[in-house]
Protein chains: 2
Amino acid sequence: MSRTPPGQTRERVYRYVCERLAAGLPPTMREVQSAIGFKSVQSAREHMEKLVEEGRLAKHEGKSRGYYLPGQGAGQRSTTLVPLLGSVRAGNLTEAIEDHSGYVPMQPRRAGEYFALLVEGDSMIKAGIMEGDLVLVRKQERAVTGDVVVALVNDEATVKTLKLRGQRIELHPANTRYKPIVPDPDTCRILGKVVEVRRHLEAPKRTKRR
Amino acid sequence: MSRTPPGQTRERVYRYVCERLAAGLPPTMREVQSAIGFKSVQSAREHMEKLVEEGRLAKHEGKSRGYYLPGQGAGQRSTTLVPLLGSVRAGNLTEAIEDHSGYVPMQPRRAGEYFALLVEGDSMIKAGIMEGDLVLVRKQERAVTGDVVVALVNDEATVKTLKLRGQRIELHPANTRYKPIVPDPDTCRILGKVVEVRRHLEAPKRTKRR
DNA sequence: TTGCATTCCACACAAAAGTATGGCATCCTG
DNA sequence: CAGGATGCCATACTTTTGTGTGGAATGCAA
């Protein structure tokens with residue numbers, strides 16, 4: 001029977017398992033067996049057990065699809081899929097909640113409900129938030145001065161830096177070409193706080209036609 | 001037997017399943033049963049089947065832990081956990097690969113191997129890349145003019161915009177306070193192309209002492 | 001009243017999935 | 001040479017997990 005140099009198949013197994021873990025469905029032993037091309041499920045199992053011994057994988061004993069990455073379980077923050085609701089400036093965000101256009105993976109640092117929006121315009125350029133960036137927003141109706149928030153002003157969403165002057169809300173741009181917005185309190189509502197900004201420097205690859 | 005108003009338990013089931021999906025380990029029927037508090041596994045199953053009928057969940061027939069979110073399967077890009085290797089300017093990146101300090105979830109737009117780095121300095125401020133930002137990098141040794149790359153110059157990693165003049169490599173900052181780097185070709189190596197920039201606007205929450 | 005839909009329970013069975021035991025071959029070290 | 005480690009195969013057994021069938025109770029519409 002043919003056999004590979006020590007450690008080589010181990011790496012292939014590890015890579016395959018990591019891919020599956022990242023995809024959200026850990027593999028069974030028999031799936032590892034198939035993926036690597038073993039004739040016997042026991043071959044897969046021995047590699048997996050060794051990976052656990054080495055501390056590179058951990059597992060729930062006796063549970064199906066029970067392997068996981070060590071740092072991912074106990075201390076590591078878990079990944080959440082956040083709905084991408086559309087773009088700032090798009091229409092009614094309440095409706096967009098029902099028809100989100102995909103998910104964005106994130107690891108929340110705080111408990112809460114999150115949504116993602118695409119940024120339009122350059123009003124926050126000095127804060128390093130550019131046209132086309134993605135903002136991840138935690139839903140909350142209050143924030144403090146200095147927070148970057150998504151606010152609804154006259155039913156139009158906008159990303160700005162919040163300044164509270166007493167009870168008065170000011171929405172400050174980070175671009176000298178724009179003036180602060182001082183909305184009528186009845187027409188302004190904070191939707192949430194921007195907790196993360198993401199920028200893709202590469203366009204999506206063209207997918208094949210289906 | 002006590003029973004809830006129509007739809008109420010369904011939502012609880014859905015929420016639980018979504019949490020589990022986001023955490024990376026879909027639940028078994030018996031786990032759904034336990035989580036909701038049913039006495040019978042069949043109760044869990046019927047809710048799950050209904051969620052599939054409604055199009056809110058999908059499943060791999062007959063497979064353990066086989067449920068998934070519909071848009072997440074076929075067309076949706078799968079999530080990959082990318083190792084965070086440390087910060088640009090830190091020591092030897094080759095060693096850092098063995099001792100990465102966590103994972104960052106991303107949905108790659110192209111096939112390849114990825115790693116993440118923390119940015120130090122403000123040399124790319126005009127490109128909206130700030131101190132403390134996280135760059136997600138696809139490993140590649142070649143890039144084209146205009147790409148933002150991670151390069152190793154005299155064993156020091158740096159994030160810059162690449163400019164190729166013939167065979168000569170120039171590494172351009174996006175900040176007028178810095179000059180382009182024109183490294184000796186023997187001392188410069190491209191490690192990869194920056195494909196995504198992320199900024200956290202919120203510090204990690206303090207975790208309880210263990 | 002009957003039929004249907006919804007929300008639940010109980011139990012048995014089938015298949016998937018984890019685990020155990022035996023075996024072979026190669027290489028290296030004591 | 002023997003023993004141990006590593007990389008594999010083969011098979012059987014055990015447990016987990018999915019599925020099927022039967023049942024009960026409630027509410028609503030025909």
Side-chain angles (χ1 to χ4, degrees), chain A residues 1-21 23-70 73, chain B residues 1-21 23-70 73:
Chain A
M1 78 190 66
S2 64
R3 88 176 217 175
T4 59
Q8 192 177 105
T9 306
R10 181 75 44 72
E11 290 309 309
R12 284 179 64 211
V13 170
Y14 186 65
R15 190 177 303 258
Y16 173 70
V17 173
C18 286
E19 284 170 8
R20 290 292 303 266
L21 289 172
L25 185 63
T28 65
M29 290 294 178
R30 286 162 176 89
E31 280 168 359
V32 174
Q33 176 192 351
S34 298
I36 304 294
F38 294 129
K39 296 263 179 58
S40 161
V41 60
Q42 182 63 12
S43 308
R45 180 157 131 83
E46 272 160 19
H47 282 287
M48 301 287 275
E49 296 281 350
K50 277 290 198 253
L51 285 166
V52 170
E53 277 176 36
E54 291 165 13
R56 293 165 79 189
L57 284 182
K59 73 162 176 170
H60 301 295
E61 197 80 43
K63 292 285 187 183
S64 72
R65 303 181 190 271
Y67 287 81
Y68 58 96
L69 288 172
Chain B
M1 78 192 65
S2 65
R3 84 177 220 175
T4 61
Q8 191 178 104
T9 307
R10 181 73 45 72
E11 290 309 308
R12 285 180 63 211
V13 169
Y14 187 65
R15 191 177 301 262
Y16 173 71
V17 173
C18 286
E19 283 171 9
R20 289 292 304 266
L21 289 171
L25 184 64
T28 65
M29 290 296 178
R30 286 163 176 87
E31 280 167 0
V32 174
Q33 177 193 350
S34 298
I36 304 295
F38 295 129
K39 294 264 178 59
S40 164
V41 59
Q42 183 64 13
S43 307
R45 181 157 124 83
E46 272 160 20
H47 282 285
M48 301 286 276
E49 296 280 352
K50 277 291 196 250
L51 284 166
V52 171
E53 277 177 37
E54 291 167 14
R56 295 165 77 187
L57 284 182
K59 71 162 178 172
H60 301 296
E61 199 80 40
K63 293 282 186 182
S64 72
R65 302 180 191 273
Y67 287 82
Y68 58 95
L69 288 173

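Chain naming here is simple, since letters A, B, ... match the order of the sequence lines and numbering starts at 1 in each.
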Using a 4.0 Å heavy-atom cut-off across all strands, classify A:Glu61 as base, sugar-phosphate, or nothing.
-> sugar-phosphate
Euclidean distance, atom CD of residue A:Glu46 to atom P of D:dG4 [Å, nearest integer] | 17 Å
OP1, OP2 of C:dT19 versus side-chain N and O of A:Lys59: anything below 4.0 Å?
-> yes
Interatomic distance where CD belongs to A:Glu54 and C1' belongs to D:dT6 [whole Å] = 12 Å
How close or far is atom P of C:dA16 from atom CZ of B:Arg65, stated in whole angstroms?
-> 17 Å
Quick one: is D:dC8 close enough that its OP1 or OP2 comes under 4.0 Å of any side-chain N or O from A:Thr4?
-> yes
Ion pair B:Glu46/B:Arg10, N-O distance below 4.0 Å | no
B:Arg15 and B:Glu11 ion-paired at < 4.0 Å = no
On DNA chain C, nearest-nucleotide positions of B:Pro6 versus B:Gly62: which is more 5'?
-> B:Pro6
Taking only side-chain nitrogens and oxygens of A:Lys63, does any of them come within less than 4.0 Å of OP1 or OP2 of C:dG18?
-> no
Rounded to the Å, how far apart are A:Ile36 CD1 and D:dC8 C1'?
-> 13 Å
Using a 4.0 Å heavy-atom cut-off across all strands, classify B:Ser43 as base, sugar-phosphate, or nothing.
-> base
Provide, to the nearest angstrom, the distance between the CZ atom belonging to A:Arg30 and the C1' atom belonging to D:dT17.
-> 13 Å
For the side chain of B:Phe38, starting at C-beta, report the closest nucleotide among D:dT17, C:dC9, C:dT7.
-> C:dC9
Which atom pair, heavy atoms only, marks the closest approach of B:Pro26 to B:Arg65?
-> O-NH1, 3.1 Å
Does any donor-acceptor pair link the side chain of A:Ser64 with the base of C:dA16 at a separation under 3.5 Å?
-> no
In terms of the nearest nucleotide of DNA chain D, which residue is placed more toward the 5' end: B:Glu31 or A:Gln42?
-> A:Gln42
Heavy atoms, side chains only, cut-off 4.5 Å: are B:His47 and B:Phe38 in contact?
-> yes
Quiz item: A:Arg45 side-chain donor-acceptor pair to C:dG18 base, under 3.5 Å = no
Grab the NZ-C1' distance between B:Lys39 and D:dA24 for me, whole Å please.
-> 14 Å
What nucleic acid atoms does B:Arg10 come within less than 4.0 Å of, heavy atoms only: base, sugar-phosphate, or nothing?
-> sugar-phosphate
Does B:Lys63 come within less than 4.0 Å of B:Glu61, counting only side-chain N to carboxylate O?
-> no
Could you walk me through whether A:Tyr16 and A:Arg12 pass the side chain to side chain donor-acceptor pair (under 3.5 Å) check?
-> CA-CA 6 Å; A:Tyr16 173 70; A:Arg12 284 179 64 211; over 6 Å; no
Nucleotide nearest A:Thr28 when distance is taken to its side chain, options C:dT19, D:dC9, C:dG18 = C:dG18
Measure from CD on A:Glu49 to C1' on D:dG7 and round the result to the nearest Å.
-> 15 Å
Rounded to the nearest angstrom, tell me the gap between atom CE in A:Met29 and atom P in C:dA20.
-> 10 Å
Taking for each residue the nucleotide of DNA chain D bearing the nearest heavy atom, is the 5' side occupied by A:His47 or by A:Val41?
-> A:His47
